[in-house]
Amino acid sequence: MWWRKRPRAPTAPQWVIAAVARHQPEADLIVNLLHDAEIPAYHRRGRGFDVPDFLALGPREVMIPHDRAAEARAVLDAPQWRSAPGEPPR
């Protein structure tokens, strides 16, 4: 019956590449920065580099939902450095 249709399930988010890390520890750092900003993220092995013998070596792609890309870009941009107290301005 047309009035008993099931509600549609929400669509899964599209994941996009936010950053590319050189190795797993660097990817973990980026993912943790994004998690601190409450942006869901994960990393995966780079394409064409799925060799288990290398363990943590090799490029990693950091993935985020498409709709949070602007927020992630703001988090991952280089911070504005300030001189330490007592140090001459740069």
Quick one: side chains of residues 14-25, donor-acceptor pairs under 3.5 Å with protein atoms, not counting sequence neighbours, listed by atom name and distance.
from, atom 1, to, atom 2, distance (Å)
Arg22, NE, Glu26, OE1, 3.2
His23, ND1, Glu26, N, 3.4
Gln24, OE1, Arg60, NH2, 3.4

Met63 with Ile30, same ILVMFWY side-chain cluster at under 4.5 Å: no
Could you identify which residues cluster with Leu29, counting Ile, Leu, Val, Met, Phe, Trp and Tyr as linked when any side-chain heavy atoms lie under 4.5 Å apart, either directly or through a chain of such contacts? none
Identify the heavy atoms of Ala41 and Val31 that sit nearest to each other, and give their distance. O-CG1, 3.8 Å
Could you note down all residue pairs passing salt bridge (charged side-chain N to carboxylate O under 4.0 Å, His left out) where residues 28-38 supplies at least one of them, sequence neighbours left out? none
Just jot down the side-chain hydrogen bond (donor to acceptor under 3.5 Å, both in side chains) partners of Asn32, sequence neighbours excluded, or say none. none
Applying side chain to side chain contact (heavy atoms under 4.5 Å, CB included), can you list everything that pairs with Ala37, at least two apart in sequence or on another chain? Ile39, Val75
Pro40 and Pro65 have their tightest heavy-atom pair at O-CD, 3.2 Å
Can you measure from CG (Leu57) to CZ (Arg45) and round to the nearest 0.5 angstrom? 9.0 Å
